[in-house]
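Remarks on the structure that follows.
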Amino acid sequence: MKKACLTVFFALLLLLVSSVPAFADSKMSGYDVRVLLHSSSAECSYTLRIEEGTYLIQDERGMELGLLREGDSVSFSYEYGRYWIEWSDAAEDSAEPLMILSEDPEARFSLGGKSYRGGFKLMMNNSYCYGINIVDIELYLYGVVGRELGYNYHEEALKAQAVASRSYALANVSSSNVFYDVTATTSSQVYGGYSAESEAVRRAVDETRGQVLIYGNELVPAYYSSNAGGHTENIENVWNSDEIPFIGVPSPHDEKAGNYSSYGASCYSWTVDYGPADLVRLANAYGKTDIGSYKGISISQSHEGQSSVSGRAMELSIHGTKDSVTATKYNICSLLNLKSNLISISDSSGQQIAGYVLGADGQTRAWESFEGLYAIGAAFKAMLVNGNADSFYVYSGDGVKELAKKGSYANGVRISGKGYGHGVGMSQWGAIAMADEGYSWEEIIAHYYCGAGVEISEYY
């Protein structure tokens with residue numbers, strides 16, 4: 001009896017060992033993500049070149065149809081209701097989708113001038129064609145982190161981005177996704193494949209391997225945006241969902257984005273000017289209506305009993321003589337083509353304005369008249385600018401300008417904004433500045449995500 005039990009035991013052990021995939025000890029995790037690289041209704045043909053490694057050609061059921069090696073080219077296409085694949089002097093067709101796969105983490109193929117790890121699959125949906133990269137999550141992150149955050153920042157910021165991106169991607173992997181799990185663009189996460197990798201990025205991914213965010217034992221899609229403008233926002237105040245308790249927190253490091261580049265500065269603070277005709281055009285396009293002539297614009301930080309915790313606009317309406325158009329929450333950015341909805345508005349349409357003065361708080365204020373204007377002169381004494389003349393001169397970035405003391409009627413709306421993006425979860429510029437001040441990736445992630453039951457967990 002003991003001998004029989006031992007025989008069964010060793011048979012099971014042998015079965016387990018033999019079933020372990022070849023990549024078990026490699027960089028790969030065993031969790032694949034399907035990334036949409038290209039989609040088209042006009043054509044359905046892709047030619048790939050194997051750059052490194054060996055690939056198996058398979059159909060949807062796993063039947064092996066052929067072998068590809070380094071230097072081989074392979075063409076995928078779909079016509080007359082069937083999938084086709086051609087390589088070397090061979091060709092196969094199938095009613096099921098066809099793909100190439102490899103268990104080698106270093107295997108790569110090129111498509112459209114870019115290199116990708118993992119495999120490739122062609123799928124059709126009626127007349128629409130999808131080219132999909134099937135790649136292990138860790139190898140996928142190699143091509144995401146640098147494109148999303150940048151390459152030359154502190155390693156702790158790169159690690160924080162790796163954890164956020166890993167959690168976001170894995171939370172979006174689902175068998176209910178018929179064709180793909182994520183796109184390669186900002187609609188999901190920007191992904192550049194092997195061509196977007198760097199040594200620093202690979203190290204950040206490897207050193208946080210398997211780390212994700214969970215809530216109630218479920219994976220969390222860890223949202224993030226470029227710059228929160230000084231304070232992140234509750235998720236329910238941005239989208240109509242509160243299943244995940246991402247809560248708004250102060251993000252004071254956002255203002256340091258300008259220390260890194262002019263682009264960083266433009267992500268933190270910006271202004272947009274619109275004339276009445278511009279606002280009418282935008283309102284008509286957004287609301288698919290005709291509001292008539294411009295009457296005014298109004299904003300509120302509350303909507304249906306919800307109030308922004310960061311000062312973001314929750315409702316914005318453009319009013320016309322015939323109708324009004326209203327956008328709520330993050331949709332306000334779509335209405336007005338804004339970087340964020342953390343905004344204040346100055347409507348000077350129809351007002352008599354001589355000019356604008358920049359206050360200590362960074363906000364511009366309209367002055368109806370410069371008559372009797374004083375300036376600080378020598379010895380810090382006040383002096384009347386240009387006496388009783390009708391105008392005076394200022395020196396600006398464009399040279400010397402003459403300004404009338406008595407204003408004319410201005411005709412526009414100035415929107416002063418902060419931040420870039422929806423403001424939920426991690427602020428990327430804030431994470432960059434926090435890392436430079438000595439915060440670890442765990443502290444950065446905890447600050448932005450872990451305020452209401454969300455936790456960092458080792459998923460594998």
Side-chain angles (χ1 to χ4, degrees), residues 168 186-188 220-251 254 267-347 349 363 412-427 448-449 451-452:
Y168 176 88
T186 53
S187 62
S188 292
V220 169
Y223 301 108
Y224 53 88
S225 59
S226 177
N227 193 307
H231 203 292
T232 66
E233 186 56 75
N234 291 0
I235 190 170
E236 69 270 17
N237 291 339
V238 178
W239 301 299
N240 295 323
S241 172
D242 60 358
E243 293 180 3
I244 303 164
F246 287 153
I247 60 175
V249 297
S251 187
D254 291 340
C267 291
Y268 177 69
S269 180
W270 44 269
T271 60
V272 175
D273 293 311
Y274 284 128
D278 298 321
L279 294 171
V280 168
R281 173 179 52 79
L282 291 169
N284 289 342
Y286 182 85
K288 295 179 174 58
T289 186
D290 177 10
I291 68 169
S293 300
Y294 177 77
K295 286 182 63 178
I297 188 169
S298 60
I299 63 171
S300 172
Q301 293 180 9
S302 298
H303 172 68
E304 296 182 349
Q306 296 175 220
S307 296
S308 169
V309 300
S310 63
R312 281 167 167 77
M314 295 280 283
E315 281 188 10
L316 184 144
S317 299
I318 299 174
H319 308 284
T321 55
K322 295 180 181 180
D323 197 2
S324 295
V325 167
T326 299
T328 62
K329 301 184 180 181
Y330 192 51
N331 292 325
I332 291 169
C333 297
S334 298
L335 168 59
L336 292 175
N337 296 325
L338 302 177
K339 293 179 180 179
S340 85
N341 56 323
L342 182 53
I343 58 174
S344 61
I345 293 179
S346 174
D347 187 355
S349 58
Q363 301 292 315
V413 169
R414 168 155 288 191
I415 302 172
S416 301
K418 286 187 175 180
Y420 196 165
H422 48 70
V424 176
M426 185 175 71
S427 172
Y448 283 112
Y449 294 109

Quick check against the 3.5 Å criterion: does [X] have a side-chain atom that pairs as donor or acceptor with the backbone of [Y]?
X	Y	result
Thr289	Ile291	no
Trp270	Ile415	no
Asn341	Ala313	yes
Asp323	Asp290	no
Asn284	Arg281	no

Atom of [X], atom of [Y] and distance for their closest heavy-atom approach:
X	Y	value
Leu335	Ala327	CD2-CB, 3.8 Å
Ser427	Ala228	OG-N, 3.2 Å
Ile345	Val413	CG2-CG1, 3.5 Å
Glu315	Ser302	CG-O, 3.8 Å
Ala222	Tyr449	O-OH, 3.6 Å
Gln306	Asn237	NE2-OD1, 2.9 Å

Min side-chain heavy-atom separation [X]-[Y] under 4.5 Å:
X	Y	answer
His231	Pro250	yes
His319	Ser324	yes
Leu316	Ile343	yes
Ser308	Glu233	yes
Leu279	Leu336	yes

From [atom1] ([X]) to [atom2] ([Y]), nearest 0.5 Å:
X	Y	atom1	atom2	answer
Asn234	Ser307	CG	OG	10.5 Å
Thr328	Asn240	OG1	CG	7.0 Å
Ile332	Asn337	CD1	CG	13.5 Å
Ser310	Gln301	OG	CD	8.0 Å
Ser225	His422	OG	NE2	5.0 Å

Taking it one step at a time, do Tyr274 and Ile318 satisfy side-chain contact (heavy atoms from CB on, under 4.5 Å)?
CA-CA 12 Å; Tyr274 284 128; Ile318 299 174; over 6 Å; no

Could you check Tyr448, Phe246, Tyr223 and say which one makes a side chain to side chain contact (heavy atoms under 4.5 Å, CB included) with Thr232?
Tyr448

Side chains of Asn227 and Lys339: is there a donor and an acceptor less than 3.5 Å apart?
no

Between the side chains of Ser416 and Thr271, is a donor N or O closer than 3.5 angstrom to an acceptor N or O?
no

Lys329 and Val238: side-chain contact (heavy atoms from CB on, under 4.5 Å), yes or no, with the steps?
CA-CA 5 Å; Lys329 301 184 180 181; Val238 178; 5.7 Å; no

Can you list everything that forms a side chain to side chain contact (heavy atoms under 4.5 Å, CB included) with Leu342? Sequence neighbours excluded, please.
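With sequence neighbours excluded, Leu342 shows a side chain to side chain contact (heavy atoms under 4.5 Å, CB included) to Arg312, Ser340, Lys418, given in chain and number order.
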
Within 6.0 Å of OH in Tyr420, more than 12 heavy atoms from elsewhere:
no

